[in-house]
Amino acid sequence: MKILKAKWILTCDEKFKIHRDKAVVFDEKIEEILKPNEAREKYPEAEFIDCGSDIAMPAFINTHTHLEFSANRTHLIYGDFVKWVASIVNAREELSKQALETIIEKEILTMMKSGVATIGEISSFGTEAQICAKSPARFVFFNEILGADKNTIDANIDKFSERFTRSAELVSDLFIPAVSVHAPYSTHPEITKFATDFARDNELLMSSHFMESNHERDWLKHGKGAFKEWLGAFLPNPKPFYSPKSYIEYFKGVRTLFTHCVFADFKLFDKKLHSITHCAVSNRLLGRDRLKLTSVIKNGYLFSIGTDGLSSNISLNFLDELRANLFVHDGLELSKLARELLLGATNRAAKSLDLNLGELSSGKIADIAVFKGFECDESQLALQLILQSKNAKSLYIKGKKCNF
Ligand code: MCF
Ligand code: FE
């Protein structure tokens with residue numbers, strides 16, 4: 001058992017309760033939050049960790065990364081989604097070969113140092129599975145499937161099944177195999193049907209990129225635009241496989257994280273099972289439009305924060321991503337936005353992934369990040385934490401301190 005005393009404890013519960021000069025008592029799970037003296041009396045055997053004037057909070061959850069593309073710096077074309085997607089289709093196998101074990105380990109460490117304990121990894125090829133499984137971080141490992149060509153449906157399903165089986169052999173409470181359908185413009189309906197049935201039957205989490213760009217909207221809603229031209233290079237007279245609505249229908253009854261949703265009609269989602277993953281930097285680099293985050297929040301849709309991969313970001317430091325969010329969204333009062341972002345990075349992300357963590361309250365798994373404290377008005381704490389922190393001071397995953 002451990003007792004961690006800190007000046008500020010951000011519980012990240014629904015009410016955003018903040019404790020001052022208290023202590024969190026935890027083992028693998030959180031026991032309770034008490035006054036430090038009471039905690040020492042009640043748990044005399046426990047290790048006492050005095051974090052002085054620091055801030056303790058639930059560790060962050062980065063719900064969307066692509067570690068296999070970690071070697072990218074300047075290979076891909078930014079500014080327009082269809083130009084970017086054409087550039088990654090050409091470069092993706094090569095980039096994934098360049099993403100050596102050391103590069104991926106380094107990026108996992110960057111995330112952990114910034115306070116991240118749980119990572120939603122979208123895996124295109126499965127090359128990073130072992131590295132993720134042996135890392136101290138918790139992974140939800142989304143095996144990706146895609147393919148628009150009806151002649152390769154069986155081959156794509158076979159390749160996916162083989163990768164899924166390999167990832168399932170690595171299962172543990174810190175490595176959770178899951179399924180990703182890449183996107184409606186790249187995936188044949190028979191593949192989407194297979195993947196969603198597979199996830200439903202095996203109670204697996206799913207993820208999908210959805211309504212990311214103006215081109216995807218024009219394609220799915222009207223069958224025209226830059227996607228038609230691009231796909232026309234491979235297929236004669238291409239037609240969209242789905243409308244936005246018919247695509248979402250495949251995911252009925254399946255817990256799914258829909259990533260981007262810049263042009264999505266949120267009403268299509270099942271509020272109990274579906275959530276929105278927001279990648280602010282990626283959206284900026286791949287297009288000109290932004291998610292209506294204020295509307296997501298005001299209408300009570302579950303959302304989480306992702307960095308996306310280095311294929312569409314310049315940093316996997318999660319605090320960099322949170323800061324970018326503060327500058328991208330102007331629809332909410334700033335300190336309120338900061339609190340919502342912290343909830344999206346903890347409590348709401350855990351709910352999206354159906355994990356028993358993301359808040360500091362009794363019975364939750366003890367994933368705790370500690371940040372350097374400072375003097376400020378309590379109402380500004382979330383905001384100043386995002387603005388001033390470059391890295392966490394320490395990180396506990398399932399109650400165990402990580403070394404970095
Ligand atoms: O989230 C971003 C942008 N949207 C779509 N795909 C990707 C992103 N980052 C990496 N990707 C990968 C995706 O997983 O790019 C490939 C897929 O393997 C595109 S293949 C049409
Ligand atoms: Fe992505």
Side-chain angles (χ1 to χ4, degrees), residues 62-73 75-97 99 104 107 119-128 140-149 152 156 159-160 163 178-188 191-192 195 206-217 219-220 226-227 230-231 233-235 238 241 247 256-264 276-291 304-316 321:
N62 181 357
T63 52
H64 191 97
T65 61
H66 297 259
L67 285 164
E68 286 170 305
F69 302 124
S70 294
N72 178 59
R73 292 294 177 274
H75 293 68
L76 304 175
I77 296 176
Y78 289 159
D80 176 83
F81 187 76
V82 168
K83 288 185 183 142
W84 175 86
V85 89
S87 72
I88 198 164
V89 166
N90 289 332
R92 70 183 201 137
E93 293 217 20
E94 189 51 39
L95 277 175
S96 83
K97 280 191 201 123
I104 292 178
E107 292 306 329
I119 299 165
E121 163 67 359
I122 312 296
S123 176
S124 302
F125 304 104
T127 48
E128 79 290 41
V140 177
F141 194 79
F142 293 99
N143 292 280
E144 183 179 68
I145 186 164
L146 56 81
D149 181 354
T152 58
N156 287 329
K159 275 193 275 169
F160 163 85
R163 279 188 286 119
V179 180
S180 163
V181 171
H182 174 247
Y185 53 82
S186 63
T187 313
H188 193 280
I191 292 185
T192 305
M206 287 199 80
S207 174
S208 179
H209 298 93
F210 181 62
M211 291 300 259
E212 179 173 5
S213 63
N214 54 332
H215 306 305
E216 184 173 344
R217 174 201 57 199
W219 176 238
L220 297 186
F227 262 116
W230 182 57
L231 294 167
F234 312 101
L235 305 162
F241 295 130
Y247 184 68
T256 310
L257 289 81
F258 290 99
T259 300
H260 301 311
C261 299
V262 175
F263 290 93
I276 294 163
T277 305
H278 177 41
C279 307
V281 174
S282 178
N283 292 159
R284 182 66 194 97
L285 294 184
L286 305 193
R288 301 172 72 159
D289 300 282
R290 61 178 103 159
L291 174 72
S304 63
I305 310 279
T307 53
D308 228 338
L310 287 175
S311 26
S312 56
N313 206 323
I314 47 166
S315 165
L316 298 192
E321 187 69 28

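Just follow the structure's listing: the first ligand is 1, and inside any ligand the first atom is 1.
- His209 and His64 form a side-chain donor-acceptor contact under 3.5 Å, judged by distance and modelled atom types alone.
- For atom 15 (O) of ligand 1, the closest non-hydrogen atom of the protein is Ile88 CD1, 3.6 Å.
- Below 3.5 Å of separation, one finds an N or O of Ser124 facing an N or O of ligand 1.
- Note on Asp308: its N/O/S atom closest to the Fe ion (ligand 2) is OD1.
- Heavy-atom proximity to Val89, at under 4.0 Å, picks out these atoms of ligand 1: 21 (C).
- Metal site remark for the Fe ion (ligand 2): His260 contributes no N, O or S atom at a distance under 2.8 Å.
- Using a cut-off of 4.0 Å between Lys/Arg side-chain N and Asp/Glu carboxylate O, Glu144 and Arg92 are scored as salt-bridged.
- In this structure, the protein non-hydrogen atom closest to atom 7 (C) of ligand 1 is Trp84 CH2, 3.4 Å.
- Residue Ser311 has at least one heavy-atom neighbour below 4.0 Å for each of these atoms of ligand 1: 9 (N), 10 (C).
- Interface atoms of ligand 1 facing Leu286, defined by a heavy-atom separation under 4.0 Å, are 3 (C).
- In terms of protein heavy-atom proximity, atom 14 (O) of ligand 1 is closest to Glu144 OE2, 2.5 Å.
- At least one donor-acceptor pair closer than 3.5 Å links the side chain of Arg73 to the backbone N or O of Ser70.
- For Glu216 (side chain) and Met211 (main-chain N/O), a donor-acceptor pair under 3.5 Å exists by modelled atom type.
- No donor-acceptor distance shorter than 3.5 angstrom exists from the side chain of Thr256 to the backbone of Met206, with no hydrogens or angles considered.
- When all heavy atoms of Gly120 and Phe142 are compared, the pair lying nearest together is CA-CE1, 4.0 Å.
- Numbered from 1 in the order shown, with element, the atoms of ligand 1 that lie under 4.0 Å from a heavy atom of Glu212 read 3 (C), 4 (N), 5 (C).
- Where the criterion is an N or O separation shorter than 3.5 Å, residue side chain and backbone included, Ser312 fails it with respect to ligand 1.
- Residue, atom and distance of the protein heavy atom nearest to atom 1 (O) of ligand 1 are Asp308 OD2, 2.7 Å.
- With His260 as reference, Asn283 is the one residue of Leu291, Asn283, Leu286 to meet the side chain to side chain contact (heavy atoms under 4.5 Å, CB included) rule.
- A donor-acceptor pair is defined here as one N or O able to donate and one able to accept, closer than 3.5 Å; no such pair exists between the side chain of Glu321 and the backbone of Ile305.
- Closest to atom 11 (N) of ligand 1, if we only count protein heavy atoms, is His66 CE1, 3.3 Å.
- Side-chain contact, His188 with Asp149: no donor N or O sits under 3.5 Å from an acceptor N or O.
- Under the 30°/60° scheme for interplanar angles, the aromatic rings of His215 and Phe227 are found to stand perpendicular.
- Look at Thr259 and you'll find every heavy atom at least 4.0 Å from all atoms of ligand 1.
- For the Fe ion (ligand 2), the set of nearby N, O or S atoms under 2.8 Å includes one belonging to His64.
- Among all non-hydrogen protein atoms, the one lying nearest atom 6 (N) of ligand 1 is His182 NE2, 3.1 Å.
- With hydrogens and angles disregarded, a donor-acceptor distance shorter than 3.5 Å links the side chain of Glu68 to the backbone of Phe125.
- Using a 4.0 Å cut-off to heavy atoms of Arg92, the atoms of ligand 1 that qualify are 16 (C), 17 (C), 18 (O).
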